[in-house]
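Here's the structure, in structure tokens; my notes come after.
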Number of protein chains: 2
Amino acid sequence: MATNASSTEDVPPEEAQPTKQNGEANQNNKPAKDTNAGHESLKYSLLGPSLTKAGQDSVDQSKVSEIIYEASKGSKFFSREEAKDKILTAKISHILAKKARLDKLDLTRDLRAADTLIAQLELSRDLTQHIVHLDCDAFYAAVELLDRPELADVPFAVGGGVLTTCNYVARKFGCRSGMAGFVAKKLCPQLVFLPLNFEKYNAKAAEVREVLAEYDPRFESASIDEAYLNITEYCAEKGMGPAEVVEQMRREIHEKTKITVSAGIAANSKLAKICSNMNKPNGQFVLPSDRTAIMEFMRDLPCRKLNGVGRVFERELAAVGVKTCGDIYGQRQYLNQLFGEKAYEFLMTCYLGLGRTSVQPAEEYERKSVGTESTFKDMSDPVQLREKLRWTAEELEKDMRRAECKGRTLVLKVKLHTYEVFTRQVVTPKAVYLADDLYNYSLPILAKLEQERPGMKLRLMGLRCTHLVSTKKPDTLAFFGLKPRRTESAGSADEQSGSPHAKRVQRDGEWEQWPEEALDGYELEMDKDGTSETREQSGSPFRRHGKEVLSNPTPKKAQSVPEEEWWDCPICSRPQAANERLFNEHIDLCLSRQAIRDTVQQEAALSSTGSTGTTPESRRSGSVGEKKRGRPAHGRGPDPRQKKLCFG
Amino acid sequence: MATNASSTEDVPPEEAQPTKQNGEANQNNKPAKDTNAGHESLKYSLLGPSLTKAGQDSVDQSKVSEIIYEASKGSKFFSREEAKDKILTAKISHILAKKARLDKLDLTRDLRAADTLIAQLELSRDLTQHIVHLDCDAFYAAVELLDRPELADVPFAVGGGVLTTCNYVARKFGCRSGMAGFVAKKLCPQLVFLPLNFEKYNAKAAEVREVLAEYDPRFESASIDEAYLNITEYCAEKGMGPAEVVEQMRREIHEKTKITVSAGIAANSKLAKICSNMNKPNGQFVLPSDRTAIMEFMRDLPCRKLNGVGRVFERELAAVGVKTCGDIYGQRQYLNQLFGEKAYEFLMTCYLGLGRTSVQPAEEYERKSVGTESTFKDMSDPVQLREKLRWTAEELEKDMRRAECKGRTLVLKVKLHTYEVFTRQVVTPKAVYLADDLYNYSLPILAKLEQERPGMKLRLMGLRCTHLVSTKKPDTLAFFGLKPRRTESAGSADEQSGSPHAKRVQRDGEWEQWPEEALDGYELEMDKDGTSETREQSGSPFRRHGKEVLSNPTPKKAQSVPEEEWWDCPICSRPQAANERLFNEHIDLCLSRQAIRDTVQQEAALSSTGSTGTTPESRRSGSVGEKKRGRPAHGRGPDPRQKKLCFG
DNA sequence: GTGGAGTCC
DNA sequence: AATGGGACTCCAC
DNA sequence: GGGCAAGTT
DNA sequence: TCGTAACTTGCCC
Ligand SMILES: Nc1ncnc2c1ncn2[C@H]1C[C@H](O)[C@@H](COP(=O)(O)OP(=O)(O)OP(=O)(O)O)O1
Ligand SMILES: Nc1ncnc2c1ncn2[C@H]1C[C@H](O)[C@@H](COP(=O)(O)OP(=O)(O)OP(=O)(O)O)O1
Ligand SMILES: [Mg+2]
Ligand SMILES: [Mg+2]
């Protein structure tokens, strides 16, 4: 139990700087402290990705770290982590070297560029909106607790092999999301394991959203247990303050759903997200919409708290002297060169505490991929692998049906027994979704992989479709503002096995049952003392905790919408609004689809604020919808839930 | 007469590289070749700014250079040029040093950024349009020749102190635009000097434009003697090829106006501009709208031929190994760091041979400044200087009346007897244009300047208004497409001495006569043997060869336009369309005028192609006007005549 | 925003 | 003896 | 566009 | 009890 300096807090270890001290150590030809220093960062890494985000601390991280380290030592997983840690350490010293070389250069240009950017960004600051980020407390655990009230005071976790979450009792022991079950058990031998019940979580999530819609009908579901709301309008109408509104909302959620939520209230979504973690669980935090208050808040905020900053980036930043967001300013002249344009701009907005002030329903975003993957016992037999691929393809077909789309490229993913991951993709001659197609097109690349590494032993296989084309009718949904969901899609346009199969049950995110594959059935039900050790079954078709795009529940009145006519694009076969000009525009667009897509994307990235790009979609907006200032009704933009490092 | 290597052609001298050779020379402590090397670049510089553009060569530049050098030697002007040359040489060695330091760095990121940019730009290539650049041959000279046919075969120039142009006979002697008269006389003792007659040039220019309107009613006047046309439509309608059309057009111009023009035909305006110089005079050149043809054309094109590349940039580029546009590619990883974002992007588009394919009438651009300046005998007496300032202010008032605008900031410019130039500006508490105001507001900054440099001796004084506010009614002119000019502006909105004084005579660019200031009258008429050396009088109110925005002549039918109503913005006092939404939008905008202006500007610069910014103006466009593909009816954009290095 | 430099006609 | 005038853009501060 | 690393829930 | 699954973005080649 090495009680080294600064290891009782969840702060990252100091980077071993190539200083004189280190040089001296090398002179001795004996890296005395190096073994230890190596452990430092590795141990920190082993703490897992969800470290600071979990909210509750007051845990002796050094003990936790030690236990995890001991539990992990020697495993293949550990080796892999070790290797990655080495690589990262090398990468960081490379960064530092580059910074040193950069220092010899004249950086005034970069400095001024940064200041210009800051000034420009500052102009875009909007403090007029009240954005709320809501996050359910220990969500899966909370849901499970409703059915198992006796677990209220005992530490328990949801998920077996890896914890998806655990209750706050368990967190006191150091248990966290993403932690291996057996490690958690070491940390907390009394820990109870519960299996996953996605239906329940989805149903509960729907209940919560039901309440949210009253406060902002255009709220944005950011994940199964999170949402953003813009309550500016609500506050104005009701003559209430934001904190007051959120208290009421949280009370109402608690009453109606019996679960507790935490909330952050701030001028933009990035800040709100950070704030929702401040008073977890069952609390809320208001960051005043005041420039200096925001700047001070950011100044002392550890970078790791930022939404796009994980273990790796945290270490890299710390190495160049950036630990808090306030530190960013002092290093602004390096950041572009060291970390690239995107990260640089992201960090700038973070330093300033800027973020999105728009909030848009999830169904206005375009899903970009559908996939499935599973872990299994090490496998190298080619026949078995083909069986597994077949099975994976069938799983994927189900998901594709549910998603109502096909894919034009197929990605095969494998993880070796060493935890090395490889992916290989093919573009299919046509958009596919049937298991047969998925299998037949992915088989060759699996074969090629086998050839590349003969006798490879797999622990995971996955398939994913990208370059999706929707088979849903309401492709242009967003153009006309929030259209109610009952499209029912009696489509004849894309007859190719049109799968009018997927009917959604209203508002609980369920769908018609698919024939449950009878499989390696571990239908485990863990008892409370956690003795019956069963492998988690993650192959259930209800395992979704990924992308499930549901309409926001309509709060009161259902608005009526005229029945539109649709024309199908001969190129992409997506239905289009029956308007000649628009249709032609779309075809033009489609003809150089990818090219234009890339261009637009890059442009959007370049021009940070306001400018709307050139797609016909964006051209269309502006005539209908909310005229609420600062909350324009966007057409399908990028997915704001994702923490793209880009501001906006 | 030093006949040094490579001095018989108009190529710039080699930069004295800081190579070993140079280092050795320094060891000798005797810069043996340095004196010579210094002369090289200085002589080249003395050749004047309009070197390669003049078109005709086959002149022994070494002789010319030598004569100019000898004629200039010892003058204050020469000293100043010498000093500037030194500074530039130093700057270039600084650039080279930076490049060397850059070489120690990892430039793969910059390299890839450049390649990405190239790819992106390539996507925007539009080869579908036929753009023509027309340029009158030796324009002023050609116009003068019509009245003096006996000068056909004798070398003559227009303008006294400095030649504005000269005929092609004179050019054989090395005479050029911008050359000092006395120098030209040394080069060509027989040279005849003619005084300027701006009325004639403007009238003739209008005649030419009359013809142009038949071929493209939306042609763009780029200067008094140049225009861009998009003849794609015309070609299609008439079933003629571009070369054929342009031949016909040039023939027609020659028949109707008796002057000859040269033309370049290419896929975009940048290329067309270059091409119009290829077969001057009275010739045309077609660059095939074929990617590889264009790339090859650019590959061997000296950078100096590019519209934004002058003497200085040419030398800087040559120093880093970029002499032709093809050379740009090899150095692309350095260009951003060495020359800045704008120059970098500009050079990239040049390497690719890309440029604007849009052409828009001049009246759709917004003038940004109005000014006047004049050179005089060295003057340091404060009283005289005040008189001069007073006179300048009065000149400016006239120009402001003609321009129908006021200015919110005032720029005083002085040139010392040493040719050093200084400017000082003030923002006026309100928009001004009256001579009294101009004088009273600029006097303090003149005084301050006098204080800064006691006893300063001036050779030039100028005043310029910027941040203009128009007092014309049709502020929103561009929104409704090309509106005919007869606005007549019986304005009552801005009553403050509304100056309904400026009435324009139709289509010849003249305006009502202002009381001619009786001044130091040198009403010179030079005789053909050029013995009577008189100082050019440039103070005439008809001296305009600057910005005179005239409507394109309407080719056949005059379109009728409904009489609009105008509301005046309480902030900027500019008239606005009488539409409540638009008006409110405008006011919002005005309230944070500068801030937003800057933002938009920067954004426009950032997002290179297509994206349209966020001003209400730009939002408005798109519903009316040409639906011609690739020729969108723009709202007031930036002035494309100006060679901003930005691609667009 | 200010001042200087470069560019073009 | 002696080197223009109007306008615009970009950059560094 | 392919492959991979990183981040988030 | 034996280190998840689904999804996105960004960088590099
Ligand atoms: N690494 C993970 N893998 C799979 N599922 C996860 C993972 N992390 C979280 N989840 C699931 C389970 C969580 O209950 C749910 C919401 O996550 P999150 O909000 O981050 O934590 P939490 O709601 O469980 O606790 P809290 O928000 O109180 O910290 O998402
Ligand atoms: N410094 C200057 N350089 C060039 N032209 C100038 C200058 N000052 C005034 N002008 C006027 C006179 C020109 O006739 C007119 C058009 O210029 P420009 O087209 O460049 O040359 P040009 O028409 O005289 O000859 P050409 O086009 O045949 O080379 O602009
Ligand atoms: Mg949560
Ligand atoms: Mg000309």
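Just so we're on the same page: letters track the sequence lines, and every chain starts at 1. In what follows, every heavy atom counts, from backbone to side chain, and hydrogens, waters and symmetry copies are set aside. Predicted, not measured: the structure shown is a model, and the values here were computed from it.
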- Message: Nearest heavy atom decides the nucleotide; on that basis, is B:Arg464 or B:Ala180 closer to the 5' end of DNA chain D?
- Response: B:Ala180
- Query: Does B:Thr409 have any side chain to side chain donor-acceptor pair (under 3.5 Å) partners at least two apart in sequence or in another chain, and if so, which?
  - Reply: B:Thr466
- Tell me which nucleotide among D:dG5, E:dT9, C:dT7 gets nearest to the side chain of B:Thr375. D:dG5
- Task: For B:Lys91 and D:dA12, give me the distance from atom NZ to atom C1', rounded to whole Å.
- Result: 11 Å
- When B:Lys413 and B:Val183 are each assigned the nearest nucleotide of DNA chain D, the 5'-most assignment goes to B:Val183
- Message: From the set D:dA2, C:dG3, F:dT9, return the single nucleotide nearest to any side-chain atom of B:Lys186.
- Response: D:dA2
- Describe the nucleic acid contact of B:Ser75 in one word from base, sugar-phosphate, nothing, applying a heavy-atom distance below 4.0 Å. base
- Message: Check this for me, if you would: do A:Glu314 and A:Arg311 make a salt bridge, where the nitrogen-to-carboxylate-oxygen distance has to be below 4.0 angstrom?
- Response: no
- Evaluate the side-chain proximity of A:Arg315 to A:Leu88: yes if any heavy-atom separation is below 4.5 Å, no if none is. yes
- Kindly assign one of parallel, tilted or perpendicular to the pair A:Tyr201 and A:Tyr140, based on the angle between their ring planes and the thresholds 30° and 60°. parallel
- Message: From the set C:dA5, C:dG6, F:dC11, return the single nucleotide nearest to any side-chain atom of B:Arg80.
- Response: C:dA5
- Distance in angstrom units between B:Leu412 CG and D:dG6 P, rounded: 14 Å
- Message: Categorize B:Glu226 for me: base, sugar-phosphate, or nothing, with a 4.0 angstrom heavy-atom threshold over every strand shown.
- Response: sugar-phosphate
- Message: Tell me the interatomic distance from A:Arg367, atom CZ, to F:dT8, atom P, rounded to whole angstroms.
- Response: 7 Å
- Message: Using a 4.0 Å heavy-atom cut-off, does A:Lys273 contact any base of the nucleic acid, only the sugar-phosphate backbone, or nothing at all?
- Response: sugar-phosphate
- Which whole number of Å gives the distance between the P atom of F:dT4 and that of E:dA5? 16 Å
- Message: Tell me the interatomic distance from A:Asn307, atom CG, to F:dT8, atom C1', rounded to whole angstroms.
- Response: 12 Å
- Message: Nearest to the side chain of B:Ser374, heavy atoms from C-beta on, is which of D:dG5, F:dA5, F:dT8?
- Response: D:dG5
- Look at B:Asp399 together with B:Arg402 and state whether they make a salt bridge at an N to O cut-off of under 4.0 Å. yes
- Classify the side-chain pair B:Arg464/B:Ser369 by whether it contains a donor and acceptor separated by less than 3.5 Å. yes
- Sugar-phosphate, base or nothing in reach of B:Val370, heavy atoms under 4.0 Å: sugar-phosphate
- Query: Where the side chain of A:Arg311 is defined as all heavy atoms beyond and including C-beta, which of D:dT3, E:dC4, E:dG7 is the nearest nucleotide?
  - Reply: E:dG7
- Query: Does the ring of A:Phe182 lie flat against the base of F:dC2, closer than 5.5 Å centre to centre with planes under 30°?
  - Reply: no
- Which part of the nucleic acid does A:Ser72 contact within heavy-atom distance under 4.0 Å: base, sugar-phosphate only, or nothing? base
- By nearest-nucleotide position on DNA chain C, the 5'-leaning member of B:Lys84 and B:His133 is B:Lys84
- When rounded to whole Å, the CG to P distance for the pair A:Leu306 and E:dG7 reads 12 Å
- Item | Check: B:Phe339 ring centroid to B:Phe313 ring centroid under 6.0 Å | yes
- Of the listed F:dG10, D:dC8, E:dG2, the closest approach to the A:Lys342 side chain comes from F:dG10
- Item | Length of the CG-P vector between B:Leu196 and C:dC9, whole Å | 17 Å
- Donor-acceptor contact present, side-chain A:Lys186 to main-chain A:Ile68, <3.5 Å: no
- Determine the contact category for A:Arg112: base if any of its heavy atoms lies under 4.0 Å from a base atom, sugar-phosphate if only primed atoms, P, OP1 or OP2 are that close, otherwise nothing. base
- Look at all strands and tell whether A:Gly178 reaches a base, only sugar-phosphate, or nothing, counting heavy atoms closer than 4.0 Å. base
- Quick one: label B:Phe78 by what it contacts on the DNA or RNA (base, sugar-phosphate, nothing), any heavy atom closer than 4.0 Å. nothing
- Would you say a side-chain N or O of A:Arg424 is under 4.0 Å from OP1 or OP2 of E:dG3? yes
- Query: So, does the side chain of B:Thr372 form a donor-acceptor pair with the base of D:dG5 at under 3.5 Å?
  - Reply: no
- B:Leu88 CG to C:dG4 C1': how many Å, rounded? 15 Å
- Select base, sugar-phosphate, or nothing to describe what A:Leu163 touches, counting heavy atoms under 4.0 Å on all strands. nothing
- Query: Reckon A:Lys368 has a side-chain N or O less than 4.0 Å from the OP1 or OP2 of F:dT9?
  - Reply: yes
- Would you indicate what B:Ser177 reaches in the nucleic acid, counting non-hydrogen atoms under 4.0 angstrom: base, sugar-phosphate, or nothing? nothing
- From CG of A:Leu338 across to P of F:dC11 the rounded distance in Å is 13 Å
- Query: Taking the side chain of A:Arg109 as its heavy atoms from C-beta onward, which of D:dA12, F:dA5, D:dT3 lies nearest to it?
  - Reply: D:dA12
- Task: For B:Tyr419, answer base if it contacts any base atom (sugar-phosphate contacts may also be present), sugar-phosphate if it contacts only those atoms, and nothing otherwise; contact means non-hydrogen atoms under 4.0 Å.
- Result: sugar-phosphate
